Engineer: 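First the structure, then my questions, so here it is.
Because the structure is a prediction, the values reported are computed rather than measured.
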Amino acid sequence: MTHWKRLKNYRNIGIIAHIDAGKTTVTERILFYTGRSYKLGEVHDGTAVMDWMEQEQERGITITSAVTTCHWRDHEIHLIDTPGHVDFTIEVERSLRVLDGVVAVFCGVGGVEPQSETVWHQADKYHVPKIAFVNKMDRIGADFNNVVRQLADKFKVIPLPLQIPVGQESEFRGVVDLLDMKQLVWLEETLGARYEAREIEPELLDQAVEARDGLVAKIAESDEGLMDRYLAGEHIGSTDLIPAIRKLTLELRAVPMLCGSALRNKGVQPLLDAIVDFLPSPLDVPAVEGVLPGTEQLVRIESSEKEPFAALAFKIFMDQGRKLTYVRVYSGRLQVGSDILNVSKGVREKVSRIFEMHANKRDRVEKTGAGNIVALMGLKSAATGDSLCDPVRPVLLEAIDVYEPVISMAVEAQTRADQEKLLESLARLSEEDPTFRFQENPDTGQTIISGMGELHLEIVRTRLEREYHVPVNAGKPQVVFRETVHEEAGAQAVFDREIAGSRQYAMVALKIRPLPRGKGNVVINRLKDEKIPGIFLPAMEEGVRDALSSGPILGYPMVDIETEILGGEYQENVSSELAFRVAASMAFKKASEEASPGLLEPYMSVEVLTPEEFLGEVLGDVNLRKGRVESISARKAIQVVKAVVPLSRMFGYSTALRSATQGRATFTMHFSHYDLASTP
């Protein structure tokens with residue numbers, strides 16, 4: 001098979017969804033029906049292949065994205081199952097960065113939930129084509145048409161329902177395929193491995209004809225030839241519709257929609273057909289662009305094995321002390337023993353092993369090529385987002401966005417002997433997960449770990465004990481604050497000191513002013529070279545940035561401040577870069593103390609789903625937590641409350657919500673923005 005034909009038959013896809021929509025169950029069924037696994041894994045009893053971590057099996061949630069490969073209709077599908085919990089958003093972000101298409105799974109009852117919106121917008125950011133699978137059609141309250149409407153309203157896309165469900169809720173027994181106008185019935189005794197295409201039941205025929213007519217009309221709107229045939233009343237078969245749907249999907253104009261119940265083994269094979277028919281191969285997506293290191297010159301990387309090697313490291317995993325680097329190969333070929341260049345770090349490395357991954361199992365291969373997702377061993381310096389390439393063509397690819405931690409906790413080893421081991425283990429965990437940070441507080445001697453939420457830190461703590469055998473004592477989670485200023489202020493500082501027998505002198509004058517929330521920090525240098533030699537200008541900016549890292553109130557980083565460097569004084573032979581850096585830092589600290597400094601804290605977007613009878617209790621509790629209710633809407637018998645609440649008031653909320661609503665309400669939250677700290 002030529003490499004062009006091989007690439008045409010590749011699908012690099014991810015499964016994304018809100019927590020508990022059934023992503024992992026869908027993935028398990030895909031593995032079973034493609035023959036990749038020989039028994040059905042279940043999330044609820046801890047036997048899911050893709051949830052292989054001990055904690056994933058205990059908690060019934062996905063924590064780390066798992067990669068596998070399966071085959072369907074002579075196509076090779078590389079599949080990444082991503083977490084749905086907001087604390088592990090980075091896993092979704094870095095997976096979407098290297099995928100060509102995604103399957104978005106929605107719960108037939110919950111529809112478009114908050115985290116589904118987050119992951120959908122992440123996919124949009126990377127221009128990833130999508131198909132939607134509405135799962136859990138056997139649940140009470142499942143409504144396929146409602147999810148279709150929500151998709152159109154919330155994401156402003158054209159939904160293309162390719163099926164209608166046969167039976168509702170507990171009566172759900174299959175689907176009608178609108179493209180071929182057949183009713184698909186799954187045979188229970190084969191665990192859903194076999195299904196039959198039958199004639200449509202007479203009572204469903206009118207509904208199916210109407211639904212197909214609406215579908216063909218939507219597709220024909222974007223294709224003049226099809227529109228002429230549609231208006232002429234001609235029958236348009238699936239062989240004409242499938243290429244038109246594929247074109248709309250790849251252009252991100254439409255989203256094909258299917259439905260089923262993965263847990264009941266219904267609807268998965270048509271989803272596999274849709275992955276092959278509608279999602280892109282590496283040849284269908286635009287060529288990846290990078291830049292020549294140290295320049296702005298764009299380099300296009302065509303998906304071909306004849307090009308020089310180029311890949312992106314999108315995930316690091318520590319396996320029994322050995323480092324695995326997951327990479328997406330965009331072009332070229334790679335063999336065991338090859339020398340490659342890590343452009344991001346500027347170092348050359350040797351690939352000692354190449355693995356095809358199946359969750360936590362791995363198959364050794366001698367070589368790999370464009371379009372593949374593999375794991376490499378032997379790369380000591382690689383980190384998430386690093387560009388790897390052939391030394392003959394260095395190219396820097398776009399890095400992966402990393403989120404800032406919003407919550408922290410103090411940890412200490414239970415014995416003195418384990419303290420060094422604790423720091424080593426934390427360093428390995430932070431290498432795996434860019435949203436996890438740790439630091440030693442020089443004043444208190446405490447080790448502070450920071451992450452995306454309470455669950456994130458709890459997972460880190462238990463991983464330390466189980467995987468790294470370092471038992472730790474942990475403090476209560478604390479909010480990660482920021483500091484800012486509320487007024488304009490100016491200051492100047494002189495640094496005039498003798499260091500190591502030589503005098504160092506500099507004077508810097510600057511002015512600071514507040515910027516709107518979320519604007520970040522800006523440093524403007526108004527000095528001209530003739531006043532102060534140009535060599536010292538970067539040192540002043542560096543001094544300001546040093547001072548921004550620790551505010552005057554509690555030493556948190558400062559944000560949303562514009563600093564203008566207005567003046568300075570320089571003396572021949574005694575002024576140095578160090579002197580200007582320190583003087584700028586001193587001037588900034590002086591100005592920030594006079595500019596009415598204040599604390600900012602993280603605010604969370606919270607969505608609560610509650611039965612109507614508990615709405616009053618939920619709203620009262622949100623108000624007590626200094627939250628702001630933004631909207632209340634009805635979703636059948638459920639009320640949906642959207643609010644913005646300070647994170648510091650959300651600790652222990654799940655327990656409080658359960659007791660106030662007899663365990664019938666659920667909530668999700670994700671980071672919204674930093675704003676003024678709420679008063680106690």
Engineer: Within the distance-only criterion (no hydrogens, no angle test), does the side chain of N521 pair as donor or acceptor with the backbone N or O of M558 below 3.5 angstrom?
Structural biologist: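 Such a contact is found between N521 side chain and M558 backbone.
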Engineer: Closer than 3.5 angstrom, by distance alone: can the side chain of R649 be matched with the main-chain N or O of V622 as a donor-acceptor pair?
Structural biologist: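 Looks like no, no N/O pair under 3.5 Å.
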Engineer: Less than 4.0 angstrom from a charged side-chain N to a carboxylate O is my criterion; do R628 and E630 meet it?
Structural biologist: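 Salt bridge: yes.
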Engineer: Which atom pair, heavy atoms only, marks the closest approach of N135 to A21?
Structural biologist: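 So the two residues come closest at ND2-O, 3.1 Å.
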Engineer: May I have the step-by-step check of side chain to side chain contact (heavy atoms under 4.5 Å, CB included) for S344 and L396, ending in yes or no?
Structural biologist: CA-CA 7 Å; S344 310; L396 195 58; 3.8 Å; yes
Engineer: Is any side-chain heavy atom of D386 closer than 4.5 Å to one of K345?
Structural biologist: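 Touching, per the 4.5 Å side-chain cut-off.
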Engineer: Pick one: which of K519, R517, R482 meets salt bridge (charged side-chain N to carboxylate O under 4.0 Å, His left out) with D560?
Structural biologist: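 Exactly one candidate clears the test, R517.
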Engineer: At what distance, to the nearest 0.5 angstrom, does CG of L599 lie from CG of L554?
Structural biologist: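 One gets 5.0 Å once the value is rounded to the nearest 0.5 Å.
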Engineer: Between the side chain of K130 and the main-chain N/O of V128, is any donor-acceptor distance below 3.5 Å?
Structural biologist: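 Checked: pair present.
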Engineer: Keeping S116 on the side-chain end and V112 on the backbone end, is there a donor-acceptor pair under 3.5 Å?
Structural biologist: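 No, the answer is negative, given that no donor and acceptor are paired below the 3.5 Å cut-off.
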Engineer: Do the side chains of S592 and P552 get nearer than 4.5 Å, heavy atoms only?
Structural biologist: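 Counting from C-beta outward, P552 and S592 do come under 4.5 Å.
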Engineer: With a 3.5 Å cut-off and no angle check, do the side chains of E601 and S648 form a donor-acceptor pair?
Structural biologist: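 The criterion, which ignores hydrogens and geometry beyond distance, is satisfied for S648 and E601.
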Engineer: Going by heavy atoms in the side chains, are L79 and T27 under 4.5 Å from each other?
Structural biologist: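 Side chain of L79 against side chain of T27, heavy atoms only: contact under 4.5 Å found.
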Engineer: Find the distance between CZ (R625) and CE (M604) and round it off to the nearest 0.5 Å.
Structural biologist: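 Taking CZ in R625 and CE in M604, the distance rounds to 13.5 Å.
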Engineer: Could you name each residue pair satisfying ring pair (Phe, Tyr, Trp, His ring centres under 6.0 Å) that touches residues 586-633, not counting sequence neighbours?
Structural biologist: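 Ring pair (Phe, Tyr, Trp, His ring centres under 6.0 Å) check on residues 586-633 returns Y603-H673.
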Engineer: Between R437 and S450, does any side-chain donor sit less than 3.5 Å from a side-chain acceptor?
Structural biologist: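 Short answer, no.
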Engineer: Applying side chain to side chain contact (heavy atoms under 4.5 Å, CB included), run through V105 and T25 and close with a yes or a no.
Structural biologist: CA-CA 11 Å; V105 179; T25 307; over 6 Å; no
Engineer: I'd like to know if E424 and K421 make a salt bridge, using a cut-off of under 4.0 Å between side-chain N and carboxylate O.
Structural biologist: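 No, no charged N to carboxylate O under 4.0 Å.
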Engineer: Would you find more than 12 non-hydrogen atoms of other residues, nucleotides or ligands less than 6.0 Å from R513 atom CZ?
Structural biologist: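 Correct, the count exceeds 12.
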Engineer: Would you call K590 and E593 a salt bridge, taking side-chain N to carboxylate O under 4.0 Å as the test?
Structural biologist: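 Looking at E593 together with K590, the answer is no, because their closest N to O distance does not fall below 4.0 Å.
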Engineer: Measuring from atom CD1 of I459 to atom CE of M452, what distance do you get when rounded to the nearest 0.5 angstrom?
Structural biologist: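 If I round to the nearest 0.5 Å, the distance is 14.5 Å.
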Engineer: Going through the distances and angles, do Y326 and F317 end up as a ring pair (Phe, Tyr, Trp, His ring centres under 6.0 Å)?
Structural biologist: CA-CA 8 Å; Y326 286 71; F317 183 67; 7.0 Å; no
Engineer: Within the 4.5 Å heavy-atom criterion, are S387 and L312 side-chain neighbours or not?
Structural biologist: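 The answer is yes, as the side chains (C-beta and beyond) meet within the 4.5 Å cut-off.
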Engineer: So, for F481 and Y556, which heavy atoms are closest and what is the spacing to 0.1 Å?
Structural biologist: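 Closest heavy-atom pair between F481 and Y556: O-CD2, 3.3 Å.
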Engineer: Would S381 and E349 count as having a side-chain donor-acceptor pair, cut-off 3.5 Å?
Structural biologist: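 Yes, side-chain donor-acceptor contact under 3.5 Å.
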Engineer: For R364 and E356, what are the C-alpha separation, side-chain angles and deciding distance, and is it a salt bridge (charged side-chain N to carboxylate O under 4.0 Å, His left out)?
Structural biologist: CA-CA 6 Å; R364 279 181 74 165; E356 272 185 3; over 6 Å; no
Engineer: Calculate, to the nearest 0.5 Å, the distance between atoms NZ and SG belonging to K23 and C107 respectively.
Structural biologist: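 Separation between the atoms: 11.5 Å.
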Engineer: How long is the gap from CD1 on I340 to CG on L376, to the nearest 0.5 Å?
Structural biologist: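 Reported value, rounded in 0.5 Å steps: 6.0 Å.
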Engineer: Please give me the minimum heavy-atom distance between M650 and E454, naming the atom from each residue.
Structural biologist: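 Smallest heavy-atom distance, with atoms named: O-OE1, 4.3 Å.
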Engineer: Is the shortest side-chain heavy-atom distance between R461 and E458 below 4.5 Å?
Structural biologist: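 R461 reaches E458 side chain to side chain.
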Engineer: Using 0.5 Å steps for rounding, measure from the OG atom of S408 to the CD atom of Q439.
Structural biologist: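 So the gap between those two atoms works out to 8.5 Å.
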Engineer: Is a salt bridge present between K323 and E432, judged by a nitrogen-to-oxygen distance below 4.0 Å?
Structural biologist: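 Result for this pair is no, no salt bridge flagged.
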Engineer: Quick one: do V411 and V460 satisfy side chain to side chain contact (heavy atoms under 4.5 Å, CB included)? Show the steps, please.
Structural biologist: CA-CA 11 Å; V411 293; V460 166; over 6 Å; no
Engineer: Looking at T384 and P434, would you say the former's side chain and the latter's main chain have a donor-acceptor pair under 3.5 Å?
Structural biologist: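 No, the answer is negative, given that no donor and acceptor are paired below the 3.5 Å cut-off.
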Engineer: Would you indicate whether the side-chain heavy atoms of L99 and F314 approach each other to under 4.5 Å?
Structural biologist: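 No - every pair of side-chain heavy atoms lies 4.5 Å or more apart.
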Engineer: Would you say E431's side chain and I316's backbone share a donor-acceptor pair under 3.5 angstrom?
Structural biologist: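 No; zero donor-acceptor contacts below 3.5 Å.
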Engineer: Between L388 and V327, is a side chain to side chain contact (heavy atoms under 4.5 Å, CB included) present by the stated rule, with each step listed?
Structural biologist: CA-CA 9 Å; L388 309 172; V327 301; 3.6 Å; yes
Engineer: Looking at R29 and D81, does any basic side-chain N land under 4.0 Å from a carboxylate oxygen?
Structural biologist: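 Judged by the 4.0 Å cut-off on N to carboxylate O distance, R29 and D81 do not form a salt bridge.
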Engineer: Do M377 and I354 have side-chain heavy atoms sitting under 4.5 Å apart?
Structural biologist: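 A side-chain contact is absent here, since even the closest heavy-atom pair is not under 4.5 Å.
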Engineer: Testing T69, I80, L324 one by one against M357 for a side-chain contact (heavy atoms from CB on, under 4.5 Å), which residue passes?
Structural biologist: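 Running side-chain contact (heavy atoms from CB on, under 4.5 Å) over T69, I80, L324 with M357 returns exactly one hit, L324.
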Engineer: So does I373 get a backbone contact from the side chain of N12, meaning a donor-acceptor N/O pair under 3.5 Å?
Structural biologist: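 Pair absent, no side-chain N/O of N12 close to backbone of I373.
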Engineer: Taking all non-hydrogen atoms of both residues, which atom of D621 and which atom of Y653 are closest, and how far apart?
Structural biologist: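 Answer, listing the atom of D621 first, then Y653: OD2-CE1, 3.0 Å.
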Engineer: Would you find more than 12 non-hydrogen atoms of other residues, nucleotides or ligands less than 6.0 Å from K380 atom NZ?
Structural biologist: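 Count not over threshold, so no.
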Engineer: May I have the step-by-step check of salt bridge (charged side-chain N to carboxylate O under 4.0 Å, His left out) for E542 and R545, ending in yes or no?
Structural biologist: CA-CA 5 Å; E542 227 168 286; R545 298 203 185 277; over 6 Å; no
Engineer: Give the minimum heavy-atom separation between R36 and C70, together with the two atoms involved.
Structural biologist: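 Shortest heavy-atom contact: CB-CB, 4.2 Å.
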Engineer: Side-chain donor-acceptor pair under 3.5 Å between H456 and D433, yes or no?
Structural biologist: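 The answer is yes; a qualifying pair exists.
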Engineer: To check you understand the geometry: which heavy-atom pair defines the closest contact between I15 and T82, and what is its length?
Structural biologist: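 Nearest pair, atom of I15 first, then T82: O-OG1, 2.7 Å.
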Engineer: Taking the side chain as everything from C-beta on, heavy atoms only, tell me whether Q414 gets closer than 4.5 Å to V472.
Structural biologist: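 Counting from C-beta outward, Q414 and V472 never come under 4.5 Å.
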